[in-house]
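Numbered from 1 within each chain, the chains take letters A, B, ... in sequence-line order. All values below were derived from every heavy atom in this structure, side-chain atoms included, with hydrogens, water molecules and symmetry-related copies excluded.
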2 protein chains.
Amino acid sequence: MSVQLLDTATSVLLKDPTASLGDVAKAAGVGRTTLHKRFPTRADLIHALATEALDLVGEAISSVDLDTDDAIEQLVEKLVPLGPRIEFLLRFPNLRDDERLSVRLTTLDQPVIDLISRLQGTRLRADLPAWWITQILYAGVYSAWEGIAAGRLAPLDAPRLVLTTFYLGVSDAGAADRS
Amino acid sequence: MSVQLLDTATSVLLKDPTASLGDVAKAAGVGRTTLHKRFPTRADLIHALATEALDLVGEAISSVDLDTDDAIEQLVEKLVPLGPRIEFLLRFPNLRDDERLSVRLTTLDQPVIDLISRLQGTRLRADLPAWWITQILYAGVYSAWEGIAAGRLAPLDAPRLVLTTFYLGVSDAGAADRS
DNA sequence: ACCGTTGTGAACATGAGTGTTCAGCTGCTC
DNA sequence: GAGCAGCTGAACACTCATGTTCACAACGGT
């Protein structure tokens, strides 16, 4: 129930960031008064959505053993379904106005960046900045979610698609190595 | 002058999509009245920003000879500086509510998708959907712009970074081929 | 049957953004 | 200097989201 509310609230606000609280309440199938009781102000609601998104993404990252060989594979697998939450964190720039949220946002990526940096000694190209590789990884995850949301991509195909593009790129030469 | 107005309006609305027209006017260094004379309503302003963004991206695409060998290279080079406009088109989902804008948005990518499709016969992997490759290309361009905006990436480095990641991926194996 | 909890619609006051008008100021051409 | 065009701040009425309150209905436990 409660999770359902945050879920639809997220999607409504993503479709139209200026949607009124009445719209959110209606979409969630609850009265505006009820919504207000849970989240006294609009800022509270958005803050709650951000916090929940941070929690979910954080859990996803820390649920993966970043020292194992297929860490990135597991990471992508866990992150793709969180598409809307990631989109929320990306598309509400003013979240950084809140001190605590801002800290959590920057802290969130750090273990991933560290992982990438470590892998640059072995499996990953060392001639690219770690932040760039991380960014590209997230971009792939997010693009995959977009494809799923648009109905163009099967959820089960997503991780493979993201990973092969991430590792090998789209040039014809790279494809021969892998199956 | 006029281009300066649309420019700052774009960046202000990107930083805070709910910014008031007064904020936009102040940021652009003009009176709210003057802004209103040019764009009678808020919707008019946003529509104008979208139209200009579509124009610019459209010009960038059509300024490239898509039949030449380095079409993608030229495309990336032209698109990266248009980062804010692309971001605007991506982050204002409600633009699709307007019929004409929606048509232009979907039409815009078509030549690029066609180009990718053609190249899948030769230089590009044929085991990936054309729309996916296109998406990844745009994601790279956008990520590069983000890096530039954050001051982490030198504008002149951007195209090379995007292209090498796009073609070869980030796996260590792929890097040996190129310089 | 009683009562606390929870959700609900209706209603209200408030504040902010918006659209609009107007009179005054600047800078330009003739 | 006369006239004109463009820009400006100030002020106004209006709309609408918002925050808040209240009384009522539904439900579950005792």
Between [Y] and [X], is there a salt bridge with N-O shorter than 4.0 Å?
X	Y	value
Asp67(A)	Arg118(A)	yes
Arg104(B)	Asp55(B)	yes
Arg85(B)	Asp7(B)	yes

What is the distance, rounded to the nearest whole Å, between atom [atom1] of [X] and atom [atom2] of [N]?
X	N	atom1	atom2	answer
Leu35(A)	dG19(D)	CG	C1'	12 Å
Asp44(A)	dT20(D)	CG	P	10 Å
His36(A)	dG19(D)	NE2	P	6 Å
Lys26(A)	dA17(D)	NZ	P	10 Å
Arg32(A)	dG19(D)	CZ	P	9 Å

Starting from the 5' end of DNA chain D, give me the residue, Lys37(B) or Asp23(A), whose nearest nucleotide shows up first.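 So the residue in question is Lys37(B).
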State, with a plain yes or no, whether a side-chain heavy atom of Leu95(B) is found less than 4.5 Å away from one of Ser102(B).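 A side-chain contact under 4.5 Å is absent here.
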Taking C-beta and beyond as the side chain, do Phe88(A) and Ile46(A) meet within less than 4.5 Å on heavy atoms?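 Yes, side chains in contact.
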Would you classify Arg42(B) as touching base, sugar-phosphate or nothing, given that sugar-phosphate means primed atoms plus P, OP1 and OP2, and contacts are heavy atoms under 4.0 Å?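 Counting heavy atoms under 4.0 Å across all strands, the contact made by Arg42(B) is with sugar-phosphate only.
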Quick one: label Thr34(B) by what it contacts on the DNA or RNA (base, sugar-phosphate, nothing), any heavy atom closer than 4.0 Å.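 The answer is base, as Thr34(B) lies within the cut-off (heavy atoms under 4.0 Å) of a base atom.
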Taking all non-hydrogen atoms of both residues into account, name the closest pair between Leu156(B) and Pro159(B) and its distance.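 Leu156(B) and Pro159(B) have their closest heavy atoms at O-CD, 3.7 Å.
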Closest contact, heavy atoms only, Ser171(B) versus Arg125(A):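 In terms of heavy atoms, the two residues are closest at O-CG, 3.1 Å.
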Please tell me which of the listed nucleotides, dA17(D), dT21(D), dA11(D), lies nearest to the side chain of Thr33(A)?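 Taking heavy atoms from C-beta onward, the closest nucleotide is dT21(D).
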Could you give the distance from CD1 (Ile116(B)) to CD1 (Ile133(B)), rounded to the nearest 0.5 Å?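 That separation rounds to 6.0 Å.
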Centroid-centroid distance, Tyr142(B) to Tyr138(B), less than 6.0 Å: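 When the ring centroids of Tyr142(B) and Tyr138(B) are compared, they turn out to be at least 6.0 Å apart.
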At a heavy-atom distance below 4.0 Å, which nucleotide of DNA chain C is the first touched by chain A, and which is the last?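 Nucleotide range in contact with chain A: dG7(C) to dA11(C).
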Note the angle between the end axes of the helix from dA1(C)-dT30(D) to dC30(C)-dG1(D), five pairs defining each, rounded to 10 degrees.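 That helix gives 10° between its end axes.
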